[in-house]
**Student:** 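Just passing along the structure, written as structure tokens.
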There are 2 protein chains.
Amino acid sequence: MEVLLVEDDAAIASSLRAGLESSGMVVHHVSTGADAVASPIYDIVLLDIGLPDFDGFEVCRRIRAKSDVPIIMLTARNEEIDRIFGLEIGADDYVTKPFGLRELIARIRAVTRRRTTNNNSGASVIVIGPLSIDVASRRASMADEPLDLTTKEFDLLVHLAEHPGVVHRRNDIMESVWDTNWYGPTKTLDAHIAALRKKLNDPRWIEAVRGVGFRLEQPA
Amino acid sequence: MEVLLVEDDAAIASSLRAGLESSGMVVHHVSTGADAVASPIYDIVLLDIGLPDFDGFEVCRRIRAKSDVPIIMLTARNEEIDRIFGLEIGADDYVTKPFGLRELIARIRAVTRRRTTNNNSGASVIVIGPLSIDVASRRASMADEPLDLTTKEFDLLVHLAEHPGVVHRRNDIMESVWDTNWYGPTKTLDAHIAALRKKLNDPRWIEAVRGVGFRLEQPA
DNA sequence: CCGAATGATCACCATTTGGTCAGTTTCCTG
DNA sequence: CAGGAAACTGACCAAATGGTGATCATTCGG
């Protein structure tokens, strides 16, 4: 998870950086709106409203103009008008200073989960509880422990995780992961399911639905 | 826009109703968690945490278990832990009492906009009173108790539930569920009807129509 | 009120399915 | 090219599932 932090207050910025990095995120920090707009696209933008050059709303609007990246606004002002404005403008959420680090992290997770579980567009990170899958960099981790997955295992996991909770039929899985809809008497799929189950530490992550296929879901 | 408002405080509920309705929304109000869970699916759920029966978090979890409907939590408590918990649990947002009506409306708009622009999943859930059937995830529940159905039982239930109240002829059922319109002297269909009846807890859910077929309907 | 027809239930058995494993082939890397 | 990891395959087993007919209960028409 790569975060773009847009914040002019050096003290706040460095404490946020420390906190987020300790949660396994990579933090890119810029302190002006101009830099923010010029930055490449990351997984999420944390955007302070009180910036020296142009204000956070303007930055938000401009980022929105070119990308669908999730945006969380950070604001010191507490007036309701700000909140409405921020949300109407296209931000995904906001937090009011002073805010707790844990709260912020939860919001980041919530926003990115909303993005990744609902859409199939280029969103790069799928988060399902402790399971997180970075599709672009082909890395997955469980409770911040990296998972060592083979190619097929990863593809299989992604296919299942793109729609957690729904049953994927064997044929669909074969087509998506193996590029063939032929499912003969072989146990190829089953073998890989077994391997995945083992690496996920808890076999309940993948449930077999007899006669149909498999379903991935966070165990209760 | 149809809103399900879950709130036990009558004063708050009626003032919210008035405000939301004046914004063109249709408000359905229930005052207990049990009613909330049993309600059909609306466009968004506003969920008070302090409910008389079981608490808002539990309600949130149960609604999430069967539907992807956007949920906004209403809370009087202000502790950070509550917020995190609410978000991790699957709520889309929360507002802390006292909140302004304009803020709430802005949040509703923001959350539903996120949903509608992002997802393409025709999450089709059939709800008939306490019976709810998620076709995609192949899960059914009765009064929030998950039903453990076999493949045939599930297919049969879906076929009947797609048109509750209408009589399905034996031939039609055989064709849809068994891929054959041959109905010989066997008791296959009857046996599965019996199994379903037992698992639905109340045999009146499925009524036999002599000489024709079966009808599924919520018992009086 | 009786008998035929229809539906309900139950126990039993054959089949299908998923899980596991060991052996073999293929692919990749050094 | 050699070695090892990954992928595939088929056999085997246990368990879930589905089909069947005998038997009992209910309904309906005469």
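So you know, we letter chains A, B, ... as the sequences are listed, proteins then strands, and number each from 1. The structure presented is a predicted model; accordingly, all values stated were derived computationally and were not measured.
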**Student:** Please determine, by modelled atom types, if A:E153 and A:H192 share a side-chain donor-acceptor pair under 3.5 angstrom.
**Tutor:** no
**Student:** Any ion pair linking B:R170 and B:D190 (charged N to carboxylate O, less than 4.0 Å)?
**Tutor:** yes
**Student:** Decide, yes or no, whether a salt bridge links A:R169 with A:D172 under the criterion of side-chain N to carboxylate O below 4.0 Å.
**Tutor:** yes
**Student:** Reckon A:T150 has a side-chain N or O less than 4.0 Å from the OP1 or OP2 of D:dA7?
**Tutor:** yes
**Student:** Rounded off to whole Å, could you give me the CH2-to-C1' distance for the A:W178 and C:dT26 pair?
**Tutor:** 16 Å
**Student:** Let me know the distance between CZ of A:R197 and P of C:dT20, rounded to the nearest Å.
**Tutor:** 7 Å
**Student:** Could you tell me how far apart B:K198 (NZ) and C:dC10 (C1') are, to the nearest whole angstrom?
**Tutor:** 9 Å
**Student:** If you take all heavy atoms of B:R215 and B:V209, which pair is closest and at what distance?
**Tutor:** NH2-CG2, 3.9 Å
**Student:** Write down the distance between NZ (B:K199) and P (D:dT17), rounded to a whole number of angstrom.
**Tutor:** 7 Å
**Student:** Taking CD1 from B:I193 and P from D:dG19, how many angstroms apart are they, rounded to a whole number?
**Tutor:** 13 Å
**Student:** Taking N and O atoms by type only, does the side chain of B:K187 place a donor or acceptor under 3.5 Å from a partner on the base of D:dG19?
**Tutor:** no
**Student:** Would you mind classifying the nucleic acid contact of A:T188 as base, sugar-phosphate or nothing, using non-hydrogen atoms under 4.0 angstrom?
**Tutor:** base
**Student:** When all nucleic acid strands are considered with a 4.0 Å heavy-atom cut-off, which category describes B:K152: base, sugar-phosphate, or nothing?
**Tutor:** sugar-phosphate
**Student:** Of the nucleotides D:dG10, C:dG7, D:dG21, which one has an atom closest to the side chain of B:R170?
**Tutor:** C:dG7
**Student:** Among D:dT17, C:dT20, C:dA8, which nucleotide has an atom closest to any side-chain atom of A:A194?
**Tutor:** C:dT20
**Student:** Compare the minimum distances between each of C:dT20, D:dC8, D:dG19 and the side chain of B:H192, then state the nucleotide with the smallest one.
**Tutor:** D:dG19
**Student:** Can you tell me whether the side chain of A:R210 and the base of C:dT17 have a donor-acceptor pair closer than 3.5 Å?
**Tutor:** yes
**Student:** Indicate yes or no: does B:R139 engage B:D148 in a salt bridge with an N to O separation below 4.0 Å.
**Tutor:** no
**Student:** What integer distance in Å separates A:E153:CD from D:dC8:C1'?
**Tutor:** 13 Å
**Student:** When the distance from CE of A:M174 to C1' of D:dA7 is rounded to whole Å, what number comes out?
**Tutor:** 12 Å
**Student:** Given atom CD1 of B:I206 and atom P of C:dG7, what is their separation to the nearest angstrom?
**Tutor:** 14 Å
**Student:** Please check the phosphate of D:dT20 (OP1 and OP2 only) for any side-chain N or O of B:T186 closer than 4.0 Å.
**Tutor:** yes
